[in-house]
Visitor: 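Please find one structure pasted underneath; my questions will follow.
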Amino acid sequence: MEPVTGTGREGHGRPARRGGRIVGARDEDGTMPLQNRVMPTGEIAADPGRGLMMGNRGCLHGRGRQLGASRWRSQAWICCVLEWRGRQRDPMPPGRWTALFFLDEATALAAGHRPCGYCRRPDFLGFAEAWREARRLDRRPAARDMDAVLHRERVGRLRRQRTHRAPAGELPDGVMIRAGGEAGLWLAGRAWPWSFGGYGAPARVSGPGAVEVLTPPSTVAAIAAGYRPLVHPSALTAPPLAGQAPPGVRAYA
């Protein structure tokens, strides 16, 4: 699916401003954001923060650009670049697809998406190769094969996000965990609190026990095998990183 260039806000063509406003808050010009911002939990909310990546799961909206009950129409949950070859696309064309927006790739991966094989071909191939290595497969898996596995891992019988538990010290950088009831990016041995506008000050996770992991197990394994997720630059602004991305992740310029 080709990516969208645009805002995801009703009736506007300029970029949406980023920020940590409350879900559903009106922007300064009085417009209401569309419900197309994805959280690490996989939930889709309305927020003015555009984020740095987009993707889709099929057409989720109906009349008035309102989302229905379904949160996917396809098992191909992809994560795309915001701009590609200067093309412009309506974020919610009638009956076609619904553009979803993510703070960064770490958020998209936690929600159960994977790199798009069209606009992000090198990243898709890198993800598939890391998947192959993690699972010790003879050949690189096809997109549909990864999608089928991810779908079993990301949603349960009640259509809610599946999570799993693992010792924090065994997790690779770039996965999402839930600590203290809040979603956070696991990076450099700390949890960086997630928000629509970026990451907050990092905190150590107390205790030696297992933590709740939001990122699907197969994606965690691919990251551990060498795939490097893109993370929002706000995750690198505080010690101990101070602007330097750890080897296991990539940062936006």
Visitor: Take Ile223 and Val249, measure what side chain to side chain contact (heavy atoms under 4.5 Å, CB included) needs, and give me the verdict at the end.
Guide: CA-CA 9 Å; Ile223 295 172; Val249 301; over 6 Å; no

Visitor: Nearest 0.5 Å please: distance from the CG atom of Asp47 over to the CZ atom of Phe196.
Guide: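 If I round to the nearest 0.5 Å, the distance is 5.0 Å.
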
Visitor: Give, for atom OG of Ser195 and atom CE of Met39, the distance between the pair rounded to the nearest 0.5 Å.
Guide: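 The distance works out to 10.0 Å.
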
Visitor: Counting C-beta onward and ignoring hydrogens, is there a side-chain heavy-atom pair between Pro115 and Cys79 closer than 4.5 Å?
Guide: no

Visitor: For residues Pro141 and Met146, determine if any side-chain heavy atom of one lies less than 4.5 Å from a side-chain heavy atom of the other.
Guide: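 Yes. Closest side-chain heavy atoms under 4.5 Å.
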
Visitor: Considering all heavy atoms of both residues, which atom of His164 and which atom of Thr215 are nearest to each other, and what is their separation?
Guide: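 Heavy-atom minimum between the residues: CE1-O, 2.9 Å.
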
Visitor: How far does CG of Leu52 sit from CG of Leu82, to the nearest 0.5 angstrom?
Guide: 7.0 Å

Visitor: Look at Asp123 together with Arg250 and state whether they make a salt bridge at an N to O cut-off of under 4.0 Å.
Guide: yes

Visitor: Would you say the side-chain atoms of Arg162 pair up with the backbone N or O of Val155, donor to acceptor, closer than 3.5 Å?
Guide: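 Yes, Arg162 side chain to Val155 backbone: donor-acceptor pair under 3.5 Å.
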
Visitor: Which pair of non-hydrogen atoms, one from Pro233 and one from Tyr252, has the smallest distance, and what is that distance?
Guide: CD-CB, 4.2 Å

Visitor: Contact between Cys116 and Phe124 at the side-chain level, heavy atoms closer than 4.5 Å - yes or no?
Guide: no

Visitor: With a 4.5 Å cut-off on side-chain heavy atoms, are Phe127 and Arg132 touching?
Guide: no

Visitor: So, for Gln161 and Pro40, which heavy atoms are closest and what is the spacing to 0.1 Å?
Guide: NE2-O, 3.1 Å

Visitor: Side-chain atoms of residues 101-109: list all donor-acceptor pairs with protein atoms under 3.5 Å, sequence neighbours left out, distances to 0.1 Å.
Guide:
| from | atom 1 | to | atom 2 | distance (Å) |
| --- | --- | --- | --- | --- |
| Asp104 | OD1 | Ala106 | N | 3.4 |
| Asp104 | OD1 | Thr107 | N | 2.9 |
| Asp104 | OD1 | Thr107 | OG1 | 2.7 |
| Asp104 | OD1 | Tyr199 | OH | 3.2 |
| Asp104 | OD2 | Tyr199 | OH | 2.8 |
| Asp104 | OD2 | His232 | N | 2.8 |
| Glu105 | OE1 | Arg120 | NH2 | 3.3 |
| Glu105 | OE1 | Tyr227 | OH | 3.3 |
| Glu105 | OE1 | Leu230 | N | 3.0 |
| Glu105 | OE2 | Arg120 | NH1 | 3.3 |
| Glu105 | OE2 | Arg120 | NH2 | 2.9 |
| Glu105 | OE2 | Tyr227 | OH | 2.6 |
| Thr107 | OG1 | Trp194 | NE1 | 3.0 |

Visitor: Could you go through the side chain to side chain contact (heavy atoms under 4.5 Å, CB included) check for Arg178 and Val211 one step at a time?
Guide: CA-CA 7 Å; Arg178 197 192 315 272; Val211 296; over 6 Å; no

Visitor: Arg154 and Thr219: side-chain donor and acceptor closer than 3.5 Å?
Guide: no

Visitor: Tell me, with the steps shown, if Val231 and Asp173 meet side chain to side chain contact (heavy atoms under 4.5 Å, CB included).
Guide: CA-CA 10 Å; Val231 300; Asp173 285 341; over 6 Å; no

Visitor: Would you name the heavy atoms of Arg57 and Gly42 that are closest together and state the gap between them?
Guide: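 Nearest pair, atom of Arg57 first, then Gly42: NH2-O, 3.3 Å.
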
Visitor: Go through it in stages, so that I can follow the logic: the residues are Val149 and Arg135, the test is side chain to side chain contact (heavy atoms under 4.5 Å, CB included), and I'd like the CA-CA distance, side-chain angles, deciding distance and then a yes or no.
Guide: CA-CA 12 Å; Val149 173; Arg135 288 175 168 257; 3.2 Å; yes

Visitor: Nearest 0.5 Å, what's the CD1-CG distance between Ile177 and Leu171?
Guide: 7.0 Å

Visitor: Under 3.5 Å, is there a donor-acceptor pair linking the side chains of Thr163 and Glu212?
Guide: yes

Visitor: Considering only distance and modelled atom types, tabulate donor-acceptor pairs under 3.5 Å from the side chains of residues 237-247, sequence neighbours left out.
Guide:
| from | atom 1 | to | atom 2 | distance (Å) |
| --- | --- | --- | --- | --- |
| Thr237 | OG1 | Ser234 | O | 3.0 |

Visitor: What's the shortest heavy-atom distance between Ala222 and Ala134, and which atoms?
Guide: N-CB, 4.3 Å

Visitor: Drop me the distance from Leu100's CG to Gln35's CD, to the nearest 0.5 angstrom.
Guide: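 Those atoms lie 10.0 Å apart.
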
Visitor: Return the minimal non-hydrogen interatomic distance between Gly174 and Pro229, and the atom names on each side.
Guide: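 For Gly174 versus Pro229, the nearest heavy atoms are O-CG, 4.2 Å.
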
Visitor: Just to verify, which of Arg114, Gln75, Arg152 counts as forming a side-chain hydrogen bond (donor to acceptor under 3.5 Å, both in side chains) with Asp147?
Guide: Arg114

Visitor: How long is the span from the CZ atom in Arg140 to the CG atom in Asp145, to the nearest 0.5 Å?
Guide: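 It is 12.5 Å, given to the nearest 0.5 Å.
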
Visitor: Do Pro202 and Leu187 have side chains that approach each other closer than 4.5 Å (heavy atoms only, starting at C-beta)?
Guide: no

Visitor: Between Thr41 and Arg160, is a side chain to side chain donor-acceptor pair (under 3.5 Å) present by the stated rule, with each step listed?
Guide: CA-CA 9 Å; Thr41 57; Arg160 295 178 181 174; over 6 Å; no

Visitor: Would you call the rings of His113 and Trp77 parallel, tilted or perpendicular, taking 30° and 60° as the class edges?
Guide: tilted

